[in-house]
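A quick write-up on the structure given underneath.
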Amino acid sequence: MACSLGVIGLGRMAQVILQSLFEAGQFNPEEVFGVVGKKNSVERVLHQFKSPFTVVDVNDKNAIDVWNTPVKILAVKPQQLNQVQEKCSKEFLAKLPAKPLLISILAGVKLKRLQSLFPDHVCVRAVPNTPALVSAGLTGLSWGEEVTEDQKSLVESIFKPISQVFELPEDQLDAFLALTSSGPAYLALISEALADGAVAAGLPRALAQSLTNFTLEGTAILLKKKELHPGQLKDMVASPAGTTISALRHLEKEGVRSALIEAVILAAKKSREMA
Ligand SMILES: NC(=O)c1ccc[n+]([C@@H]2O[C@H](COP(=O)([O-])OP(=O)(O)OC[C@H]3O[C@@H](n4cnc5c(N)ncnc54)[C@H](OP(=O)(O)O)[C@@H]3O)[C@@H](O)[C@H]2O)c1
């Protein structure tokens with residue numbers, strides 16, 4: 001039976017997307033054809049799933065069948081892209097009734113490049129982030145040429161179970177990535193540093209980290225639910241001559257605000273350079 005969904009590269013993010021598609025019943029395991037780089041990855045990948053599906057390594061004689069699917073998720077590392085393109089089967093593509101859809105989650109690889117490497121596909125870029133692992137992600141989507149409304153709906157239905165979905169012009173995807181894909185790392189660093197501070201001030205490590213995580217989570221929910229500007233929340237917390245304002249004064253003196261601004265700008269710049 002010809003498969004409906006091809007997945008090229010089955011690392012962490014592709015596995016999360018696939019798990020949620022199986023859970024939602026959007027694709028059945030027997031409809032999915034996955035390709036990985038190394039033979040010994042096949043079993044490791046399948047071990048992560050409740051139901052088996054077809055997974056082969058790129059050098060398997062059947063790996064070419066992935067090009068016979070009408071929808072593909074491309075989830076290899078950017079440096080593996082040319083190797084994928086070399087294996088692309090024109091013969092299969094010529095036989096498909098319509099241009100198949102190629103959804104790339106590769107950071108920094110532009111639609112123009114995807115379309116030049118895979119001219120027989122309709123290409124879409126999707127930028128998901130790591131909180132998708134717990135269905136709390138964000139995904140930025142940019143559409144390539146010739147994409148139909150049905151294909152747009154299909155792409156959205158793939159990412160909605162694990163993330164909130166935002167359609168963006170492609171020139172905003174680098175900034176989107178610098179904020180949302182790299183953001184969990186910035187916040188993890190801040191979380192660790194705050195917990196270190198609490199340990200230095202006398203709390204046990206596990207309690208310090210747990211309280212830090214609750215504080216980050218509670219603050220995000222409060223900002224969102226009450227639709228507060230961050231400055232309003234800061235002013236609510238900082239009472240005259242109190243503890244918070246003396247801590248904030250120190251953070252401003254050390255340039256923390258400026259460091260965070262520059263971090264996002266640098267990540268966006270790096271993403272543009274990688275393209
Ligand atoms: N992880 C994230 O949070 C995240 C978020 C947004 C976007 N992304 C993007 O997602 C992509 C994958 O990231 P990842 O972290 O999942 O990487 P990863 O864990 O290294 O996964 C890459 C996958 O590609 C397979 N592969 C390697 N060469 C291949 C080939 N020639 N043909 C088919 N499959 C091949 C690898 O198989 P082997 O292991 O057997 O080599 C592996 O399954 C990247 O481009 C990244 O920019 C990731």
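For ligands, and for the atoms within them, numbers begin at 1 and follow the listed sequence. All values reported here derive from a predicted model rather than from experimental measurement.
For ligand 1 and I8, the ligand atoms under 4.0 Å from any heavy atom of the residue are 33 (C). Near P128, meaning under 4.0 Å from any of its heavy atoms, are these atoms of ligand 1: 5 (C), 6 (C). Close approach to Q83 involves these atoms of ligand 1, each under 4.0 Å from a residue heavy atom: 31 (N). Short contacts between ligand 1 and L10, defined as distances under 4.0 Å to a heavy atom of the residue, involve ligand atoms 23 (C), 42 (C), 43 (O). Heavy-atom proximity to T130, at under 4.0 Å, picks out these atoms of ligand 1: 3 (O). Near V58, meaning under 4.0 Å from any of its heavy atoms, are these atoms of ligand 1: 31 (N), 32 (N). The ligand atoms of ligand 1 that sit less than 4.0 angstrom from a heavy atom of S41 are 38 (P), 39 (O), 40 (O). Close approach to A107 involves these atoms of ligand 1, each under 4.0 Å from a residue heavy atom: 45 (O), 47 (O).
Protein heavy atom at the shortest distance from atom 15 (O) of ligand 1 is K77 NZ, 3.6 Å. The protein atom (non-hydrogen) at minimum distance from atom 41 (O) of ligand 1 is K38 NZ, 2.9 Å. Shortest contact from atom 28 (N) of ligand 1 to any protein heavy atom: Q80 CD, 3.6 Å. Looking only at protein heavy atoms, the nearest one to atom 10 (O) of ligand 1 is I105 CD1, 3.3 Å. Closest to atom 2 (C) of ligand 1, if we only count protein heavy atoms, is M13 CE, 3.7 Å. Ranking the protein heavy atoms by distance from atom 24 (O) of ligand 1 puts G9 CA, 3.3 Å first. For atom 37 (O) of ligand 1, the nearest protein heavy atom (residue, atom name, distance) is G37 N, 2.9 Å.
There is no side-chain donor-acceptor pair under 3.5 Å between N129 and T139. Side-chain contact of R44 with S41: a donor-acceptor pair under 3.5 Å is present, judged by distance alone. Side-chain contact check for E170 and S142: no donor-acceptor pair (N or O, by modelled atom type) lies under 3.5 Å. There is a side-chain donor-acceptor pair under 3.5 Å between S157 and Q26.
Side-chain contact between E146 and Q151: absent, with no pair of heavy atoms (C-beta onward) separated by less than 4.5 Å. For the pair T180/F166, no side-chain contact is recorded, criterion being any heavy-atom separation below 4.5 Å from C-beta on.
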Check: Given K38 and D57, is the salt bridge (charged side-chain N to carboxylate O under 4.0 Å, His left out) satisfied, shown in steps?
Finding: CA-CA 5 Å; K38 296 186 279 296; D57 72 271; over 6 Å; no
Next item on the list: Using the salt bridge (charged side-chain N to carboxylate O under 4.0 Å, His left out) rule, take K152 and E149 through it: C-alpha gap first, then chi angles, then the decisive distance, then the call.
Entry: CA-CA 5 Å; K152 285 185 181 180; E149 289 306 313; 3.6 Å; yes
Next item on the list: Would you check, one step at a time, whether the test salt bridge (charged side-chain N to carboxylate O under 4.0 Å, His left out) holds for D196 with R205?
Entry: CA-CA 8 Å; D196 279 350; R205 167 64 61 186; 2.8 Å; yes
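Here atom 12 (C) of ligand 1 lies nearest to A75 when heavy atoms of P131, P184, G11, A75 are compared. Among V76, I17, T180, the residue whose heavy atom lies closest to atom 44 (C) of ligand 1 is V76.
Here's the thing with V84: none of its N/O atoms is less than 3.5 angstrom from an N/O atom of ligand 1. Between S181 and ligand 1, a contact under 3.5 Å exists for no N or O pair.
In the displayed structure, E192 atom CD is contacted under 6.0 Å by at most 12 heavy atoms of other residues, nucleotides or ligands.
Ligand 1 lies out of reach of V127, whose nearest heavy atom is not under 4.0 Å from it. Residue contacts with ligand 1 do not include N129, since none of its heavy atoms lies under 4.0 Å from the ligand.
Residues F53 and F27 keep their aromatic ring centres 6.0 Å or farther apart.
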Can you give each donor-acceptor pair under 3.5 Å made by side-chain atoms of residues 112-119, sequence neighbours left out, with the distance rounded to 0.1 Å?
| residue | atom | partner | partner atom | Å |
| --- | --- | --- | --- | --- |
| R113 | NH2 | N82 | OD1 | 3.2 |
| S116 | OG | R113 | O | 3.0 |

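Under a 4.0 Å N-O distance rule, the pair D120/K90 qualifies as a salt bridge.
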